[in-house]
Number of protein chains: 4
Amino acid sequence: MSEKVRRRLPRQVREQQIIDAGMQVFSKRGYHAAVVDEIADLAGISKPMVYLYFGSKEGLFIACIRREGERLTEEFQGAAREGHGAEAQLWAGLTAFFTFVAGHRDGWVVLYRQAPEVGGEVAAEVTRQRSSVMAAVTGLVASSSPGGASEEAEFVAHALVGAADSLTDWMERHPGESPERVTLRLMNMVWIGMRSALRGEVWTPPSGEGA
Amino acid sequence: MSEKVRRRLPRQVREQQIIDAGMQVFSKRGYHAAVVDEIADLAGISKPMVYLYFGSKEGLFIACIRREGERLTEEFQGAAREGHGAEAQLWAGLTAFFTFVAGHRDGWVVLYRQAPEVGGEVAAEVTRQRSSVMAAVTGLVASSSPGGASEEAEFVAHALVGAADSLTDWMERHPGESPERVTLRLMNMVWIGMRSALRGEVWTPPSGEGA
Amino acid sequence: MSEKVRRRLPRQVREQQIIDAGMQVFSKRGYHAAVVDEIADLAGISKPMVYLYFGSKEGLFIACIRREGERLTEEFQGAAREGHGAEAQLWAGLTAFFTFVAGHRDGWVVLYRQAPEVGGEVAAEVTRQRSSVMAAVTGLVASSSPGGASEEAEFVAHALVGAADSLTDWMERHPGESPERVTLRLMNMVWIGMRSALRGEVWTPPSGEGA
Amino acid sequence: MSEKVRRRLPRQVREQQIIDAGMQVFSKRGYHAAVVDEIADLAGISKPMVYLYFGSKEGLFIACIRREGERLTEEFQGAAREGHGAEAQLWAGLTAFFTFVAGHRDGWVVLYRQAPEVGGEVAAEVTRQRSSVMAAVTGLVASSSPGGASEEAEFVAHALVGAADSLTDWMERHPGESPERVTLRLMNMVWIGMRSALRGEVWTPPSGEGA
DNA sequence: TATGAATGAGCATTCATTCAT
DNA sequence: GATGAATGAATGCTCATTCAT
């Protein structure tokens with residue numbers, strides 16, 4: 001039990017509370033190590049409620065993944081719509097995306113760092129949400145590059161998402177850096193090459209002697 | 001039991017066999033979902049042997065992480081040493097790195113996709129190995145950019161490692177692409193920006209007005 | 001919820017509805033495997049109503065047993081009263097008894113095939129109702145045999161009841177047979193011997209050689 | 001833990017011990033109310049052993065049913081083989097059967113008084129064993145009646161088994177009666193009618209008019 | 001060296017039962 | 001009178017770990 005205990009909440013509210021608690025615990029411990037008791041405690045309810053609302057630990061996990069995936073997609077797509085012009089949209093979208101990844105560690109961790117240990121129904125939903133996120137990023141990238149092949153855009157999206165993911169670790173050791181500033185640095189590093197990559201241009205590696 | 005059962009092997013060989021089995025199971029199932037019985041079976045020995053050699057499941061996992069981290073570092077540093085000239089070294093090192101990541105899914109997964117669910121001793125070793133890997137990449141990047149600040153190099157290294165990680169997923173859906181070719185595409189995308197990023201040059205995002 | 005939901009029914013009607021539902025579920029699943037939720041659902045009410053009316057699952061089960069035991073006793077005693085003369089009464093009673101057993105599987109199952117799994121209050125009521133049924137059958141048997149010892153009649157009653165019970169299984173695989181016909185067959189098999197048994201006559205088993 | 005604890009027993013012995021304990025608990029409590037802990041305790045082992053040997057509570061129950069069904073069948077068929085001549089065989093077999101039922105309450109209860117509450121795999125095995133027992137009795141009955149239709153024999157077998165079952169209750173209240181003596185009484189009651197029943201002879205119930 | 005036998009501890013899940021409305 | 005919301009208390013099952021041989 002935490003804080004002020006409010007009993008008899010409407011179903012919808014309780015559901016969100018439980019998902020909130022689930023997100024925390026799942027992201028901190030991982031799916032298997034997460035214990036339903038802890039989630040229930042954190043949500044300020046008893047264990048059976050979790051099962052009443054979500055049917056199983058797996059069911060709760062799926063609900064968590066779904067909500068977080070949808071939030072992520074919506075959030076950065078919303079941001080993208082704000083921009084005027086393809087480039088500005090891409091910029092705004094990626095900033096939002098990065099901000100989200102940096103600011104919602106829990107959600108991101110659950111979505112992107114729990115893959116191998118889960119199976120069955122869960123794996124399907126994880127895949128679905130990830131695809132959805134990746135598709136959104138890919139779409140954003142593609143739209144900023146009129147004639148670009150979609151395969152190129154997909155490649156770029158994967159690289160960007162992976163970089164963003166990894167940079168959240170970097171950020172943890174550089175607390176001064178704001179997500180915006182990290183986005184800026186990443187964009188600086190990638191922007192030019194990305195444009196030419198999307199145009200299909202190929203650069204040749206330097207051969208030290210013969211390599 | 002797998003294949004031909006060879007009894008009374010020297011300690012060193014047994015150890016490696018068990019680690020091999022551990023890598024497979026840990027990477028397939030994740031640390032918690034991995035069951036020691038399965039590992040023992042796969043290694044063709046009985047469970048108590050695992051405990052005799054590694055003390056605990058955690059001990060085995062640490063051994064796995066250590067071996068894999070060292071292998072990864074060594075492999076791509078060895079490759080880097082082959083190149084002549086800073087750029088060529090970076091290129092060779094990153095190719096080796098990428099090839100390793102793509103070709104040793106098991107090792108990579110265990111090292112880089114199991115973080116949140118483990119704690120204690122394990123977390124320390126994971127951090128240590130990851131840092132070691134990251135330091136090697138950072139060093140490679142830094143050495144190719146004489147005057148670059150190390151913070152910049154670290155940033156670039158994180159971005160590269162993350163991108164490489166994520167692109168292994170992309171590769172799974174594009175079986176035709178060789179690691180070399182993926183490296184080439186990634187380098188194309190990053191090379192120019194990376195150089196200027198390392199020089200501390202800052203590019204300004206497009207404003208919403210003019211695309 | 002089943003059918004049309006009728007609210008605000010008088011207590012007596014509700015009670016019977018709940019017992020009806022209880023009989024179905026208890027007989028289908030057994031006492032322990034029966035779930036109060038299912039009973040409430042089937043009765044078209046909410047779970048707390050069950051507790052309001054019967055206090056506990058056990059209370060409901062006792063009510064079920066009681067009603068069914070009384071019905072069974074009454075039904076076949078009523079039939080017995082119709083007959084003129086001791087033999088005819090026995091015949092009519094046993095036919096009614098058998099018809100009941102065959103036609104009210106639910107009730108019979110609850111009364112006669114749930115013994116070992118229940119305890120406490122329930123066991124007492126089960127015993128009471130069974131004794132009552134058995135006493136009625138015994139009485140019927142005894143009255144048809146003027147001078148017979150009551151112990152003989154009790155023995156015969158047990159045999160008859162057990163046979164009838166078991167034959168309900170047989171009937172399930174011979175759907176063409178009516179309860180009347182099965183009664184006839186059973187009576188054929190037992191009638192003569194029963195009379196002499198009640199008279200205390202003893203027959204000696206055949207000795208194959210010496211047995 | 002009971003009595004002297006003997007550890008490290010060979011698998012076969014432990015298995016039988018666990019089944020013994022299972023029989024006791026299942027027959028006393030019924031399948032659902034039986035608690036695996038109690039069974040393990042009674043067997044003098046820890047719960048995981050039960051699961052190691054039988055996989056699940058259901059698995060243990062199936063093992064119990066199987067062993068008891070086979071024992072019952074074998075025992076009374078063995079006895080039947082002793083007799084010389086059809087009648088004597090029937091007599092010997094039925095005595096053995098009855099003796100078994102009376103003497104192995106546990107086994108009998110588990111086999112014949114747990115039907116409705118179990119489902120799935122268990123139900124199948126229960127059905128199989130019961131059929132096997134019933135088939136053996138039917139065979140015995142049929143063989144004593146050369147030209148009898150098998151349907152008649154089956155009918156008679158059901159009646160006999162049911163009567164025997166029910167009479168075990170009667171015996172509990174008449175401790176002085178030996179199984180042999182009860183068998184004798186039952187045979188007395190049934191023998192003559194059974195023979196004519198097997199011949200297909202039909203007797204007509206007394207009409208209400210003349211007694 | 002190597003293992004079959006055994007277990008303590010924990011976890012997901014269920015269910016009879018009770019409030020607060 | 002009637003119920004949606006909530007829970008304490010079990011219970012089946014698993015797994016890392018350890019003896020005894």
Side-chain angles (χ1 to χ4, degrees), chain A residues 1 5-11 13-14 32-40 43-60, chain B residues 5 7-11 14 32-40 44-60, chain C residues 5 7-11 14 32-40 44-61, chain D residues 5-11 13-14 32-40 43-60:
Chain A
M1 306 282 172
V5 182
R6 226 187 297 272
R7 297 174 179 253
R8 311 259 148 203
L9 291 180
R11 190 169 186 114
V13 180
R14 267 284 132 88
H32 278 101
V35 170
V36 178
D37 272 289
E38 189 181 353
I39 296 172
I45 53 164
S46 71
K47 210 172 8 171
M49 287 299 287
V50 175
Y51 287 87
L52 184 62
Y53 281 60
F54 298 95
S56 68
K57 185 185 179 181
E58 198 174 303
L60 172 58
Chain B
V5 182
R7 297 177 179 252
R8 312 247 160 208
L9 291 179
R11 185 168 188 115
R14 265 283 135 87
H32 277 101
V35 170
V36 178
D37 273 288
E38 190 182 352
I39 297 171
I45 54 165
S46 72
K47 215 176 359 175
M49 289 297 287
V50 176
Y51 286 86
L52 184 63
Y53 279 63
F54 298 95
S56 68
K57 183 186 181 183
E58 200 174 300
L60 172 57
Chain C
V5 182
R7 298 179 177 249
R8 312 245 160 211
L9 291 180
R11 186 169 187 113
R14 267 283 135 88
H32 277 100
V35 170
V36 178
D37 273 287
E38 190 181 352
I39 297 172
I45 55 165
S46 71
K47 214 173 4 172
M49 288 299 286
V50 176
Y51 286 86
L52 183 63
Y53 279 61
F54 298 96
S56 67
K57 183 185 180 182
E58 201 174 301
L60 172 57
F61 191 58
Chain D
V5 182
R6 226 188 298 271
R7 298 174 177 252
R8 311 257 148 205
L9 292 180
R11 190 169 186 113
V13 180
R14 267 284 132 88
H32 278 101
V35 171
V36 178
D37 272 290
E38 189 181 354
I39 296 172
I45 54 163
S46 69
K47 207 173 9 171
M49 288 300 287
V50 176
Y51 287 87
L52 184 62
Y53 282 58
F54 298 96
S56 67
K57 184 184 180 182
E58 199 174 302
L60 172 58

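Chain naming here is simple, since letters A, B, ... match the order of the sequence lines and numbering starts at 1 in each. Fair warning: this is a prediction, and the values are worked out from it, not measured in the lab. What's counted below: heavy atoms across the whole structure, side chains too, no hydrogens, waters or symmetry copies.
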Trainee: Assuming nearest nucleotide by heavy-atom distance, tell me which of Pro48(C) and Glu58(B) is located more 5' along DNA chain F.
Mentor: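 Mapping each residue to its closest nucleotide by heavy atoms, the 5'-most match is Pro48(C).
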Trainee: On a plain distance test, is the side chain of Lys47(B) in donor-acceptor contact with the base of dT17(F) below 3.5 Å?
Mentor: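 Check passes, donor-acceptor contact within cut-off.
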Trainee: Among residues at least two apart in sequence or on other chains, which ones pass side chain to side chain contact (heavy atoms under 4.5 Å, CB included) with Phe54(B)?
Mentor: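 Partners of Phe54(B) under the side chain to side chain contact (heavy atoms under 4.5 Å, CB included) test: Glu15(B), Ile18(B), Ile19(B), Leu60(B), Ala63(B).
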Trainee: For dA6(F), take OP1 and OP2 only and decide whether either is under 4.0 Å from a side-chain N or O of Tyr53(A).
Mentor: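 Yes, within the criterion.
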Trainee: Which dot-bracket string describes DNA chain E (Watson-Crick N1-N3 plus N6-O4 or O6-N4, or G-U N1-O2 and O6-N3, all under 3.5 Å; [ ] crossing; | other strand)?
Mentor: .||||||||||||||||||||
Trainee: For Ser46(D) versus Ala40(D), what's the shortest heavy-atom pair and its separation?
Mentor: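 What the structure gives for the nearest pair is C-CB, 3.9 Å.
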Trainee: Taking only side-chain nitrogens and oxygens of Arg11(C), does any of them come within less than 4.0 Å of OP1 or OP2 of dG1(F)?
Mentor: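 No, no such contact exists.
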Trainee: For dA6(F) and Arg14(A) - does any side-chain N or O of the residue sit under 4.0 Å from the phosphate oxygens OP1/OP2?
Mentor: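 For dA6(F), OP1/OP2 do have a side-chain N/O of Arg14(A) under 4.0 Å.
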Trainee: Looking at Tyr51(D), does any N or O in its side chain come under 4.0 Å of the phosphate oxygens OP1/OP2 on dT14(F)?
Mentor: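 For dT14(F), neither OP1 nor OP2 has a side-chain N or O of Tyr51(D) closer than 4.0 Å.
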Trainee: Could you check which of dT7(F), dT17(F), dG12(F) has an atom nearest any side-chain atom of Ser56(B)?
Mentor: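 Closest nucleotide among those given: dT17(F).
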Trainee: Can you measure from NZ (Lys57(D)) to NZ (Lys47(D)) and round to the nearest 0.5 angstrom?
Mentor: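 The distance works out to 11.0 Å.
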Trainee: For a quick test of reading the model, state the closest non-hydrogen atom pair linking Leu9(D) to Arg14(D) and the distance between them.
Mentor: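 Nearest heavy atoms, Leu9(D) then Arg14(D): CD1-NH2, 3.4 Å.
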Trainee: Here's a test of your reading of the structure: between Ala34(D) and Val35(B), which maps to the more 5' nucleotide of DNA chain F?
Mentor: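 Its nearest nucleotide being more 5', the pick is Ala34(D).
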Trainee: Would you kindly check whether a donor in the side chain of Lys57(A) faces an acceptor in the base of dT13(E), or vice versa, at under 3.5 angstrom?
Mentor: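 There is none.
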Trainee: Let me know the distance between CE of Met49(D) and C1' of dG12(F), rounded to the nearest Å.
Mentor: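 Rounded to whole Å, this separation is 17 Å.
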